[in-house]
Amino acid sequence: MDLLSENKRAAIWSIALLIVGLLVWEMSISAQAINTGELTEYELLTGADTAKAGVPPPSEVAVKAWQELSNPFYDAGPNDKGIGIQIGYSIYRVLTGYFLAAIIAIPLGFLIGMSSVAYKALNPFIQVLRPISPLAWMPLALFIIQDSEASAIFVIFICSIWPMLLNTAFGVAGVREDWVNVARTHELGAFKTAFTVVLPAAAPTIVTGMRISIGIAWLVIVAAEMLVGGTGIGYYVWNEWNNLDLTSVIFSILMIGVVGMLLDAAFGLLQRRVAYVE
Amino acid sequence: MANSFLSIEKLTQRYPDGKGGEFTVFENASFGIEKGEFVCILGHSGCGKSTIMNILAGLSEPTKGVVKMDGFAVSGPSLDRGVVFQNYSLLPWLTALKNVTFGVAARFPDWTKQQVEDRSIAFLDKVGLSGDAIHRKPSQLSGGMRQRVSIARAFANEPKLLLLDEPFGALDALTRGTIQEELLKVWSGTDQTVFMITHDIDEAILLADRILLMTNGPLARVAESVEITIPRPRVRTDIVEHPNYYAIRNHLVQFLGKRSAELAGQVSAEGETHSPQTVRIDKTRGAADEQPLLQAVKT
């Protein structure tokens, strides 16, 4: 009965869904016929004889994608840069803010995880700061930092710190006491214990936190760049909206999805590397 | 006893009972272990065997009393006292070999990588692990193989005192049998002092020079020290034929079944020391010596 493996059957279903979806999209758009009948003077005046700016069909998006992706790094002035450059800016901001957050969140998470006093002391602050929408920090960041680029990085920093901090603390606190006792009976110092026992034991939980963080950071960068402007994929989406170039908008939305997926997959790979079975 | 290699002096462990009072697990427990001796401790759950083990390992502090090894008081964990725990003593993200090199590298920090690895492989080989198996993670090994790795790690470090906390408790009876023999084989080539917790009477008779018997808790005490008068080397199938085997076994069963409860819960006078009574059962010295079967010698 099962002639094909589960993966192959799933792949066939995925492709079928994609084709059906694209066909429905394509057909629903060509159905929006342009009014070609007799027009009144008023209708002519309001531009009813020209094609309305509509949602483009997938074929147009595909053509646009081909154009953009065949030359992704051109730079023809501030408002006309290749998609590769725009995404590059976004990734640079995300990674900078993200790694700054990791440098603080992981050691601090270790401290909170190891000491219940530190946990209780810091917990009220974490609980208040964590639910704040990262964009709410933007005005304050712009005022204090006085630099839109650095403010965007700060917003990424503040939004990616919490999952990493809490997961590190949770992972470190949950390290099996027997493993710590193994380190103690081998007279390992505090640093050696942290690196050779606690870190590998907590690594799966920590990397889960890092994976959640990078996902959030990628969500937030689009919104942040719409606000600060200049460069980046978020700015690009907003700019093309202002140009009423919906083909480009749809194309960049897809690109945001693809890059997000790749970032997540990279951390998924890391997660598999540090995983262990008890 | 004060001159023993390892001497446990007036050890007391109390915990708050949650109602403002105190709960005494054991009080003024005192006993000694000689160098090279294999001592097992038997007792019901809750009598404080594991607590004594943790105190010996330096992982927890007694309420009162001291443990002296080689004349020096023990404080905190040390490489001189190796521990094999019942479960989870291997680090699951390291291979079997890496788990052993982890210990050896900690013990001999000046050694080269190659020396550490050679010694680790040698000790894994002693417990019957070689080839592919040593490069597997603990999750890919059977329970018996995992404990073999733990034992190899402990012996490779040559601690002055080796503490085994029910090392075979989670294994099935057949596997337990083979590993007990592996353990005897590794141990007999050394002058390693071993202190082991077990629930298994036959295991204790097979392995030990001496068995310490504990009464039930709370207020448990180490009541008897039973010498195992069966010559080494011992083989499981042979020792059951030895005339002393069932005499000793019956004594242990009687103690655990009845007397451990009868002797339990006695509050001791201030400063009193509880040393175990030495019991020597030997039926091999002819019929004349057979009565009394049980010779109790107060030490």
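All of these numbers come straight from a predicted model, not from anything done at the bench. So that the names make sense, note that chain A is the first sequence line, chain B the second, and so on, each numbered from 1.
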Response to the item:
In terms of heavy-atom pairs under 4.5 Å with chain A, the winner among B:Gly76, B:Pro138, B:Pro159, B:Gly103 is B:Gly103
Response to the item:
Cut-off 4.5 Å, heavy atoms of chain B, and the answer for A:Val197 is both
Worksheet entry | From CD1 (A:Ile104) to CG (A:Leu165), nearest 0.5 Å | 10.0 Å
Practice prompt. Select one option (side chain, backbone, both, neither) describing which atoms of B:Asn157 are under 4.5 Å from chain A's heavy atoms.
Written response: side chain
Fill in: From CZ (B:Arg148) to CG (B:Leu90), nearest 0.5 Å
13.0 Å
Item to complete: Measure centre to centre between the rings of A:Phe267 and A:Tyr98, then say whether the value is under 6.0 Å.
Response: yes
Worksheet entry | Spatial distance of atom CD1 (A:Ile212) from atom OG1 (A:Thr208) [nearest 0.5 Å] | 6.5 Å
Worksheet item: Of the backbone (N, CA, C, O) and the side chain (C-beta and beyond), which part of A:Ala275 lies under 4.5 Å from a heavy atom of chain B, both, or neither?
Response: neither
Worksheet item: What part of B:Arg107 lies closer than 4.5 angstrom to a heavy atom of chain A: side chain, backbone, both or neither?
Response: neither
Discussion item. Under a plain distance cut-off of 3.5 Å, with no hydrogens placed, do B:Ser150 and B:Gln147 share a side-chain donor-acceptor pair?
Written reply: yes
